[in-house]
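The figures here come from the full heavy-atom set of this structure, side chains too, leaving out hydrogens, waters and symmetry mates.
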Number of protein chains: 2
Amino acid sequence: MTKAKHETLIDRCRESGLRITGQRRVILEVLDAASDHPDVEELHRRVGEIEPGVNIATVYRTMNKLAEHDLIERHMFDDGRLRYEPAPEEHHDHFIDVETGEVIEFMSDEIERLQEEIARQHGFEIVSHKLELYVKRRKTD
Amino acid sequence: MTKAKHETLIDRCRESGLRITGQRRVILEVLDAASDHPDVEELHRRVGEIEPGVNIATVYRTMNKLAEHDLIERHMFDDGRLRYEPAPEEHHDHFIDVETGEVIEFMSDEIERLQEEIARQHGFEIVSHKLELYVKRRKTD
DNA sequence: ATTCTTGCAAACTTTTTGCACCGAT
DNA sequence: ATCGGTGCAAAAAGTTTGCAAGAAT
């Protein structure tokens, strides 16, 4: 489930003209390494493990900058906190395991197609969408 | 787009053993009348138009009570605020018009079915789900 | 009479901001 | 040298809570 990274976040920041400071380097590193969808507090914690002293305001500001430049995606699941992931090369949706809190990515062309169709039927075109399936593991073992 | 209300929120509160105070009566009235998905601040404003002096903490507490008893549904769209609607008799999903902020309800059996299928393929069963299509009107005029 | 609800203010949590300083370009 | 980024502390914004008083049952 490790996705092939064609380009690192640092590269994409450079391309966007964002300055690469020491703090940012660490934040971007943490983001690139994250396979989950951490919130700011968790990011700050992980950053602090690598390099202590980075202020949480810096993490907030960096996340906002990155989101402005579409380098990361923001999610707000039912816990009400903003969570982040590096902008995926391909769109996907999320399972959220209600028992463990784990977030699993998935993708279905068929659902994507159906969504387009339904939007069209209502006279809309889709700008973006969000599908979250809150699930639990089937006890069939 | 006015949905047929079989039972009013006040009735459902009584059934759940919640006390009907003056403040609650107004809040429930506002909720029943709302065809949109207001947040607490907006609810408080509307309540204040009918009967001034209701504290916003009361609105918060009432919303939490109602949610506990499954009499309303909480939503958090991309604006990051908690929004509410009376618990719908039938499940539905939402279009959010990104240009106007308008929220439109829709429902597709086919999508529901597909979701179940995909969850099953991943070894999950669905507890609940959320599908939000951020859309804009098609300029075909 | 009892128990639930309310108002108010204070506290809490999450996020943003003003400002002086520092560092990347 | 410039302009953007950072730390810090304060402020905002959204939500919750303790407590004493009041109202529904």
> Checking all strands, does B:L82 fall into the base, sugar-phosphate, or nothing category for heavy-atom contacts under 4.0 angstrom?
sugar-phosphate
> Is B:E90 atom CD crowded by more than 12 heavy atoms from other residues, nucleotides or ligands, each under 6.0 Å away?
no
> Compare side-chain N and O positions of A:N64 against OP1 and OP2 of C:dT16 and report whether any pair is under 4.0 Å apart.
yes
> Under 4.0 Å between a side-chain N/O of A:T21 and OP1 or OP2 of D:dT6, yes or no?
yes
> So, OP1 or OP2 of D:dT6: does either fall under 4.0 Å of a side-chain N or O from A:N55?
no
> Return the value, rounded to whole Å, for the distance between atom CZ of B:R24 and atom C1' of D:dT25.
13 Å
> If you compare all heavy atoms of B:D97 against all heavy atoms of B:K136, which two are closest, and at what distance to 0.1 Å?
OD1-CA, 4.4 Å
> May I ask you to say what B:G53 touches in the nucleic acid, namely base, sugar-phosphate or nothing, with a heavy-atom cut-off under 4.0 Å?
sugar-phosphate
> Are A:Y60 and C:dT15 close enough that a side-chain N or O sits under 4.0 Å from OP1 or OP2?
yes
> Can you see if the side chain of B:Q23 gets near the phosphate of C:dG7 - specifically, an N or O under 4.0 Å from OP1 or OP2?
yes
> Rounded to whole Å, how long is the line connecting atom CZ of A:R14 with atom P of C:dA24?
12 Å
> In this structure, how many angstroms lie between the C1' atom of D:dA24 and the CG atom of B:L28, rounded?
15 Å
> Tell me if a side-chain donor or acceptor on A:H94 pairs with a main-chain N or O of A:Y134 at a distance below 3.5 Å.
no
> In terms of the nearest nucleotide of DNA chain D, which residue is placed more toward the 5' end: B:L18 or A:V59?
A:V59
> Would you kindly give the CD1-to-P distance between B:I56 and D:dT17, to the nearest whole Å?
16 Å
> Whole-Å distance between C:dC8 P and B:H44 NE2?
10 Å
> Mapping B:I27 and B:A57 to their closest nucleotides on DNA chain C, which lands nearer the 5' end?
B:I27
> Measure CD/A:E42 against C1'/C:dT14 and give the value in whole Å, please.
16 Å
> Between A:H37 and A:Y84, does the ring centroid distance fall short of 6.0 Å?
no
> Please report, rounded to the nearest Å, how far the P atom of C:dT14 is from the CZ atom of A:R74.
15 Å
> Between the base of C:dT3 and the side chain of B:R19, is there a donor and acceptor pair under 3.5 angstrom?
yes
> Considering only heavy atoms from C-beta outward, does the side chain of A:H129 approach that of A:D93 to under 4.5 Å?
yes
> What contact category does B:I20 fall into here, base, sugar-phosphate, or nothing, at under 4.0 angstrom with non-hydrogen atoms?
sugar-phosphate
> For D:dT16, take OP1 and OP2 only and decide whether either is under 4.0 Å from a side-chain N or O of B:R61.
no
> Rounded to whole Å, how long is the line connecting atom CE of B:M63 with atom C1' of C:dT6?
15 Å
